[in-house]
Amino acid sequence: MSQISAEDKLDYVKSKIGEYPNFPKEGILFRDIFGALTDPKACVYLRDLLVQYIRQSQPEVEVIVGLDSRGFLFNLLLATELGVGCAPIRKKGKLAGEVVSVEYQLEYGSDTFELQRTAIQPGQKVVIVDDLLATGGSLLAASELVRKVGGVVLESLVVMELVGLDGRKKLDCKVHSLIKY
Ligand SMILES: O=P(O)(O)OC[C@H]1O[C@H](OP(=O)(O)OP(=O)(O)O)[C@H](O)[C@@H]1O
Ligand SMILES: Nc1ncnc2[nH]cnc12
């Protein structure tokens, strides 16, 4: 049986990602992960690439944190593959119980993220996942929240990175992206 290489899997996933000029605002080129997720082969390849990356980069991870909403496509999937727990960071007002909050800016607006205080135990090792890194506002806010509840951010992992926006400069943790634009 022939084994497809990681490089070929990545090329295939990349070929399926959608591109929409002027969405959701004039001047934004929207990179659409859903273009890849409607393709069954791209789903499997994307899963393989993300799981393989975390296994070699952060074998000690204990919690996968996904960002509202496209990060949720990956956090449960990765947590079950890796045998760890997962937690959501959600936009304001959606999480029950005691939460910590932080306001942040993103490429096309501003918002507030929240995390349940009990979602991560003090000292637990966390990898944050999302579909895309643009200005870095979302990932910066997410790492702030994880630390507020006592978690240790090992790394942030995204499918796509818009390198021209320099988002990774804002972040004070290791960042990895599969696809760079
Ligand atoms: O690096 P940044 O400039 O912060 O931008 C990246 C964020 O923007 C998008 O989410 P969005 O807030 O549009 O929410 P959605 O996933 O619910 O569409 C994307 O899924 C990232 O979370
Ligand atoms: N250009 C972009 N495409 C898709 N999601 C985004 N989130 C922030 N900027 C984005």
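Counting starts at 1 for both ligands and their atoms, following the listed order. Since the structure is predicted, the reported quantities are computational estimates derived from the model, not experimental observations.
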Do we see a donor-acceptor contact under 3.5 Å between the side chains of [X] and [Y]?
X	Y	answer
Lys16	Thr38	no
Glu62	Gln124	no
Glu107	Thr135	no
Tyr12	Asp39	yes
Glu103	Ser110	no

[X] heavy atoms, cut-off 4.0 Å: which ligand 2 atoms fall inside?
X	result
Tyr108	5 (N), 6 (C), 7 (N), 8 (C), 9 (N), 10 (C)
Leu132	3 (N), 4 (C), 5 (N), 6 (C), 7 (N), 8 (C), 9 (N), 10 (C)
Leu162	1 (N)
Ala134	8 (C), 9 (N)

State, yes or no, whether a side-chain contact exists between Leu115 and Lys148 at a heavy-atom distance under 4.5 Å. no
Would you call [X] and [Y] a salt bridge, using N to O less than 4.0 angstrom?
X	Y	result
Glu161	Arg168	yes
Lys169	Asp166	yes
Glu60	Lys125	yes
Lys9	Asp48	yes

Taking both backbone and side-chain atoms of Arg70, is any N or O found less than 3.5 Å from an N or O belonging to ligand 2? yes
Between Ile28 and ligand 2, which residue portion shows a heavy-atom distance shorter than 4.0 Å: side chain, backbone, both, or neither? side chain
Please state which part of Leu29 comes within less than 4.0 Å of ligand 2, counting heavy atoms only: side chain, backbone, both or neither. backbone
Going by side-chain hydrogen bond (donor to acceptor under 3.5 Å, both in side chains), name the pairs with one or both residues in residues 20-37, residues two or more places apart or in two chains. Glu19-Arg31
Which parts of the protein, at residue level, reach under 4.0 Å of ligand 1 through a heavy atom? Asp68, Ser69, Arg70, Lys91, Leu106, Glu107, Tyr108, Asp130, Asp131, Leu132, Leu133, Ala134, Thr135, Gly136, Gly137, Ser138
Looking only at protein heavy atoms, which one is nearest to atom 3 (N) of ligand 2, and how far off is it? Arg31 N, 2.9 Å
Top protein contact for atom 2 (C) of ligand 2, by heavy-atom distance: Glu107 OE1, 3.6 Å
Under a heavy-atom criterion of less than 4.0 Å, does Leu106 contact ligand 2? no
